[in-house]
Number of protein chains: 2
Amino acid sequence: MVVEHEEQPPLERRSRDPERTKEEILVVSTQEFADRGFAGARVDEIANKTRTTKRMIYYYFGSKELLYMAALERAYEDIRVVEANVDVEHLDPIRAIRRLAELTFDRHEANPNFSRLISQENVQRGQFVTKASGFPRLERPIIKILEQVLERGRAEGVFVRDIDALDVHMLISSFCFFRINNRFTFAASFGRNLVEPDRRAMYREMIGDVVVDYLTTPSPEDH
Amino acid sequence: MVVEHEEQPPLERRSRDPERTKEEILVVSTQEFADRGFAGARVDEIANKTRTTKRMIYYYFGSKELLYMAALERAYEDIRVVEANVDVEHLDPIRAIRRLAELTFDRHEANPNFSRLISQENVQRGQFVTKASGFPRLERPIIKILEQVLERGRAEGVFVRDIDALDVHMLISSFCFFRINNRFTFAASFGRNLVEPDRRAMYREMIGDVVVDYLTTPSPEDH
DNA sequence: GTCCTAATGTACGAACTGGAGAATTCGCGG
DNA sequence: CCGCGAATTCTCCAGTTCGTACATTAGGAC
């Protein structure tokens with residue numbers, strides 16, 4: 001949690017270091033875009049919070065829009081790296097599902113900026129991720145992993161619900177996303193703090209239970 | 001939501017009608033704020049899309065901020081009215097839960113602007129709903145209704161899971177909210193269109209199944 | 001009709017904001 | 001130690017945007 005100090009006291013490293021400069025701009029702008037949205041973020045403000053100047057932002061990234069895209073892309077990349085290292089093959093299907101749910105849960109909690117960036121993007125109708133030109137693929141490794149677990153579970157006969165990995169992931173993500181992202185309006189409406197430490201363990205377990213119960217219960221005959 | 005059909009005024013109606021002017025500003029600004037966010041919305045643009053002028057916005061609402069709050073408040077009020085008219089007392093607990101899930105599902109689909117406004121609010125850390133000064137209560141009738149259904153279900157022995165109405169509502173809302181709100185980035189990442197008509201019925205049923213399965217399955221002994 | 005006030009219209013300004021031209025400096029290869 | 005291009009700083013600008021001062025008009029009360 002970076003506290004906003006108006007003018008960062010002289011971390012007076014002035015020497016040239018393009019990589020560090022670029023990286024610092026990216027980190028700071030991610031925070032700013034997550035905090036204020038694309039329209040709300042100010043290029044001047046981003047510059048002030050780095051040890052470099054606004055001109056450098058344009059030098060390296062070209063425009064506010066391209067900077068935003070770079071930040072978004074980086075955020076996706078971070079997630080992808082985490083997911084690529086998940087290993088649940090040694091767990092039985094039910095435990096594996098729980099584990100995946102917990103991973104998603106933890107990821108949302110540990111990295112709220114990603115979710116907020118995603119929120120921004122969606123409010124703007126995905127104006128940047130949708131951009132055919134130049135926006136890289138956003139593929140996510142977790143789907144393949146989920147597919148394998150579901151396959152095993154079905155083979156073993158423990159998962160009996162007819163549903164695919166994408167929809168399971170959607171169910172898990174929606175819960176984790178909502179808990180973090182909508183905590184402010186939820187608290188305002190219902191007076192419950194969804195991220196209160198005392199409740200954390202309960203919610204973390206809850207989403208696992210929800211998914212497992214769903215997967216292991218046959219579809220109702222009538223409806 | 002409610003379209004006034006009375007005497008269809010041929011758009012160039014210039015006569016004075018404070019109520020209509022106010023209402024029109026509110027409707028248009030809700031759309032603009034949902035589309036572009038608080039920072040992204042332009043007061044001039046809102047004015048252009050009404051039959052009145054920017055001056056009137058300030059005359060009636062005082063500032064961009066107050067206008068935003070009025071729009072947000074109105075959106076909550078609309079939801080509250082819908083929820084207040086829900087009647088599931090004649091249904092058995094399981095069917096009642098399904099019905100409530102469907103209502104929430106339909107509400108999110110029918111009124112995406114509300115969700116987007118909510119998203120905005122949360123990205124900004126609830127800066128307006130949290131505002132102690134002046135922001136009205138956001139209470140939601142659906143919670144009481146849910147409580148009654150859960151109570152009945154437990155009395156009848158069909159609901160065995162230890163969970164309260166707020167968390168059930170959270171589970172339902174998160175699913176419905178995510179499906180509508182995050183559809184753009186979800187499509188970009190996973191190539192699945194969550195609001196495609198062909199899938200609609202499936203998701204609508206799915207969230208009911210999820211909740212019912214969860215409520216009717218006992219907590220696992222070990223973990 | 002006259003009067004009075006709520007409602008509306010017009011035009012403007014001060015501050016902000018994304019962006020860029022051009023000068024300057026650093027540091028590395030030779 | 002020199003030369004050169006990359007990195008950085010300085011400075012300014014043109015367009016935008018919220019907000020308002022001031023003028024004007026409609027229409028109900030009497």
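All figures in this text were calculated on a predicted structure; none of them were measured in a lab. Order of the sequence lines sets the chain letters (A, B, ...), proteins ahead of strands, with each chain counted from 1.
Going from atom OH of Tyr59(A) over to atom C1' of dC26(C) covers 12 Å, rounded to whole Å. Atom CD of Glu32(A) and atom C1' of dG18(C) are 15 Å apart (whole Å). For the pair Met56(A) CE and dC10(D) P, the interatomic distance rounds to 11 Å; values are reported in whole Å. Put simply, CG on Asn48(B) is 13 Å from P on dT16(D), counting in whole angstrom units. As a whole-Å value, the separation of Arg51(A) CZ from dA7(D) P is 17 Å. Taking atom NZ of residue Lys22(A) and atom P of nucleotide dA7(D), one finds them 9 Å apart after rounding to whole Å. Atom CD1 of Ile25(B) and atom P of dA7(C) are 12 Å apart (whole Å). In this structure, Phe38(A) places its CZ atom 14 Å from P of dT17(C), rounding to the nearest Å.
Comparing dT8(D), dT10(C), dT17(D) against the side chain of Asp44(B) picks out dT17(D) as the nearest. For Thr21(B), whose side chain is taken as the heavy atoms from C-beta onward, the closest listed nucleotide among dC18(D), dT8(C), dG19(C) is dT8(C). Listed candidates were dC18(D), dT9(D), dG18(C). Nearest to the side chain of Val43(A) is dG18(C). The Lys64(B) side chain lies nearest to dG19(D) when the options are dG19(D), dG18(C), dT8(C).
As judged by a 4.0 angstrom heavy-atom cut-off over every strand, Ala47(B) is placed among residues making no nucleic acid contact. When heavy atoms are screened at a 4.0 angstrom cut-off, Ala39(A) is found touching no nucleic acid atom at all.
Contact of the Ile46(A) side chain with the Leu67(A) side chain is registered, since non-hydrogen atoms from C-beta on lie closer than 4.5 Å. His169(A) places a side-chain heavy atom less than 4.5 Å from the side chain of Phe186(B).
Between Phe114(A) and Tyr76(A), the ring centre distance stays below 6.0 Å.
Residue Tyr58(A) places none of its side-chain N or O atoms closer than 4.0 Å to OP1 or OP2 of dA20(C). Between Thr52(A) and dT9(D) there is a side-chain polar atom (N or O) within less than 4.0 angstrom of OP1 or OP2.
Between Phe33(A) and Phe38(A), the ring planes lie parallel to each other; the angle is under 30°, not in the 30° to 60° tilted range.
Annotation: of the two residues near DNA chain D, Tyr60(A) and Lys54(A), the 5′-most nearest-nucleotide partner is Tyr60(A).
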Inset, instruction - For the pair Asn181(A) and Ser119(A), evaluate side chain to side chain donor-acceptor pair (under 3.5 Å) and give the outcome as yes or no after the intermediate values. - result: CA-CA 8 Å; Asn181(A) 259 70; Ser119(A) 252; 3.0 Å; yes
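Applying the 3.5 Å distance criterion, the base of dG21(C) shares a donor-acceptor pair with the side chain of Arg55(A).
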